[in-house]
Amino acid sequence: MATRPASVSIPRAPAVASTLPDDRWKPLEIAFWLLPVLAFFVFPNYRVLGSQILITGLFAVSLDLILGYAGIVSLGHAAFFGVGAYAAGLLAVHGWHEPITGLAVAAIVAAAVGYLVSFLVVRGGDLTRLMVTLGIGLMLWEVANKAAFITGGVDGLAGVTIDPIFGVWRFDIGGRTAYVYALAVVFIVFVVLRRIVHSPFGLSLRGIREGGKRMPAIGAPVARRLRTIFTIAAAVAGIAGALIAQTTQFVGIDTLGFPRSAELLIMLVLGGAGRLYGGLVGAALFMIAQDYLSGIDPVYWQFWIGFFLVVIVLFAHGGILGGLDTLRTRLQRKR
């Protein structure tokens with residue numbers, strides 16, 4: 001009697017979760033952006049601080065573009081922030097007071113400076129990039145200091161007058177208009193950046209960060225991609241600088257200083273690099289803690305900032321957002 005051939009079972013490949021970026025808005029993201037809207041009504045006495053947090057958060061996001069996504073370390077990112085602030089401030093001082101075009105001019109000038117610097121940055125490794133960015137920042141600070149007849153030097157650039165937004169909303173001392181203006185600009189720029197990092201271009205940046213020497217094998221122009229994202233990050237930092245100049249109507253030379261770059265790096269580490277929202281979260285935590293702790297202890301408040309930074313780095317890999325992701329993963333496994 002003929003026997004039926006034994007059936008051969010072919011093992012199936014295990015299902016692999018897609019690692020491609022997903023640009024669909026999640027409920028937590030929507031809730032995140034509702035928080036500053038709610039804060040506008042709940043904390044009316046802190047609108048000035050709130051606008052500064054939003055602007056600094058955008059500045060931190062610009063650093064995240066090059067550090068968290070492209071792996072470019074920088075200690076002089078404040079250079080582009082200061083360039084944008086002086087561009088918008090000088091434009092207003094010399095008679096052009098319209099705010100929106102001031103933002104555009106600041107972005108263009110900062111992007112131009114960033115594009116020129118990018119040719120130096122992409123040539124070396126991490127240590128070279130640290131020294132180049134730090135050197136550029138120090139040189140621009142000294143240029144602003146020496147050109148006091150233009151920039152105001154250490155006294156700062158005063159006389160920055162900004163017209164009402166669209167001829168309707170005038171900047172007030174309570175920070176009402178500045179808060180709404182900063183929130184609108186930050187949100188619009190963030191949406192654009194979110195689309196960029198979730199695009200194939202953004203995915204290639206992650207590939208360069210993880211294995212820059214392998215990316216040319218698949219035809220990715222590494223140097224060109226790095227120059228592009230560095231220029232975009234410089235433009236965003238310039239927009240943040242212009243916002244600080246327009247909302248405070250003053251530009252200080254500290255906008256170009258190394259301490260601002262160092263604080264920015266701390267904010268990004270606190271929030272979590274490579275997550276885009278990490279810059280916003282880190283800036284909010286740092287500035288709220290700074291405001292609260294300096295009120296308690298005006299002399300030694302930096303000790304507690306350093307303490308919290310050490311604790312987060314040791315026990316929350318990837319900053320606050322990284323720690324929350326790890327906690328969520330552990331809870332899901334237990335379930």
Side-chain angles (χ1 to χ4, degrees), residues 47-59 62 76-117 136-186 188-189 231 233-261 264:
R47 287 171 181 164
V48 174
L49 176 62
S51 64
Q52 302 302 302
I53 291 175
L54 289 168
I55 296 169
T56 307
L58 180 62
F59 185 25
S62 71
H77 202 60
F80 311 113
F81 182 81
V83 166
Y86 275 109
L90 289 171
L91 195 67
V93 167
H94 290 87
W96 189 265
H97 309 293
E98 205 282 318
I100 307 301
T101 51
L103 290 180
V105 169
I108 293 171
V109 174
V113 175
Y115 179 71
L116 295 175
V117 173
I136 294 295
L138 293 175
M139 286 192 298
L140 287 178
W141 188 94
E142 195 59 42
V143 168
N145 184 35
K146 292 295 184 181
F149 61 97
I150 298 176
T151 64
V154 294
D155 295 327
L157 181 66
V160 179
T161 306
I162 305 298
D163 286 342
I165 302 172
F166 300 123
V168 178
W169 295 287
R170 185 178 301 277
F171 288 93
D172 57 292
I173 194 172
R176 181 185 181 94
T177 301
Y179 187 96
V180 176
Y181 176 55
L183 178 59
V185 173
V186 169
I188 293 171
V189 175
T231 303
V236 175
I239 293 174
L243 282 174
I244 205 76
Q246 292 176 347
T247 55
T248 62
Q249 299 191 10
F250 177 80
V251 181
I253 196 171
D254 63 299
T255 56
L256 292 163
F258 170 74
R260 190 175 291 268
S261 294
L264 189 70

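Remember, predicted model here, so these are calculated numbers, not experimental data. Because only heavy atoms are used, hydrogens play no part in the values below, and waters and symmetry mates are left out as well, while side chains stay in.
Nearest heavy atoms, Ala182 versus Ile55: CB-CG1, 4.1 Å. Closest approach of Thr161 and Gln249 over heavy atoms only: CA-OE1, 4.3 Å. When all heavy atoms of Phe250 and Gly156 are compared, the closest pair comes out as CZ-CA, 3.6 Å. Between Pro164 and Pro99, the shortest heavy-atom contact is O-CD, 4.4 Å. Nearest heavy-atom pair, Ala234 versus Ala110, reported as atom, atom and distance to 0.1 Å: O-CB, 3.3 Å. Here the shortest heavy-atom pairing between Gly238 and Ala106 reads O-CB, 3.7 Å.
With Thr177 contributing its side chain and Asp172 its backbone, the two residues share no donor-acceptor pair below 3.5 Å. Although no hydrogens or angles enter the test, the distance criterion places a donor-acceptor pair under 3.5 Å between the side chain of Thr151 and the main chain of Ala144.
Between the CD1 atom of Ile244 and the OG1 atom of Thr56 there is a distance of 5.5 Å, given to the nearest 0.5 Å. We find the CD-CG distance between Gln52 and Leu49 to be 7.5 Å, quoted to the nearest 0.5 Å. With values rounded to the nearest 0.5 angstrom, Trp96 atom CH2 is found 9.5 Å from Asp163 atom CG. The distance from atom OG of Ser62 to atom CD1 of Ile239, rounded to the nearest 0.5 Å, is 9.5 Å. In this structure, CG in Leu58 is found 11.5 Å from CG in Leu183, a value given to the nearest 0.5 Å. In this structure, Ile150 CD1 and His94 NE2 are separated by 8.0 Å, a value rounded to the nearest 0.5 Å.
Residues passing the ring-ring contact (aromatic ring centres under 6.0 Å, His included) test with Phe258, sequence neighbours excluded: none. Annotation: side-chain hydrogen bond (donor to acceptor under 3.5 Å, both in side chains) contacts of Glu98 (sequence neighbours excluded): Thr101. Looking at residues two or more places apart in sequence or on another chain, you find no side-chain hydrogen bond (donor to acceptor under 3.5 Å, both in side chains) involving Tyr179. Taking Arg260 as the reference, Asp254 meet the salt bridge (Lys or Arg N to Asp or Glu O under 4.0 Å) condition, with sequence neighbours excluded.
Residue pairs that meet the ring pair (Phe, Tyr, Trp, His ring centres under 6.0 Å) test with at least one member in residues 149-173, sequence neighbours left out, are Phe171-Tyr181.
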Contacts table for residues 81-93: side-chain donor-acceptor under 3.5 angstrom, sequence neighbours left out:
none

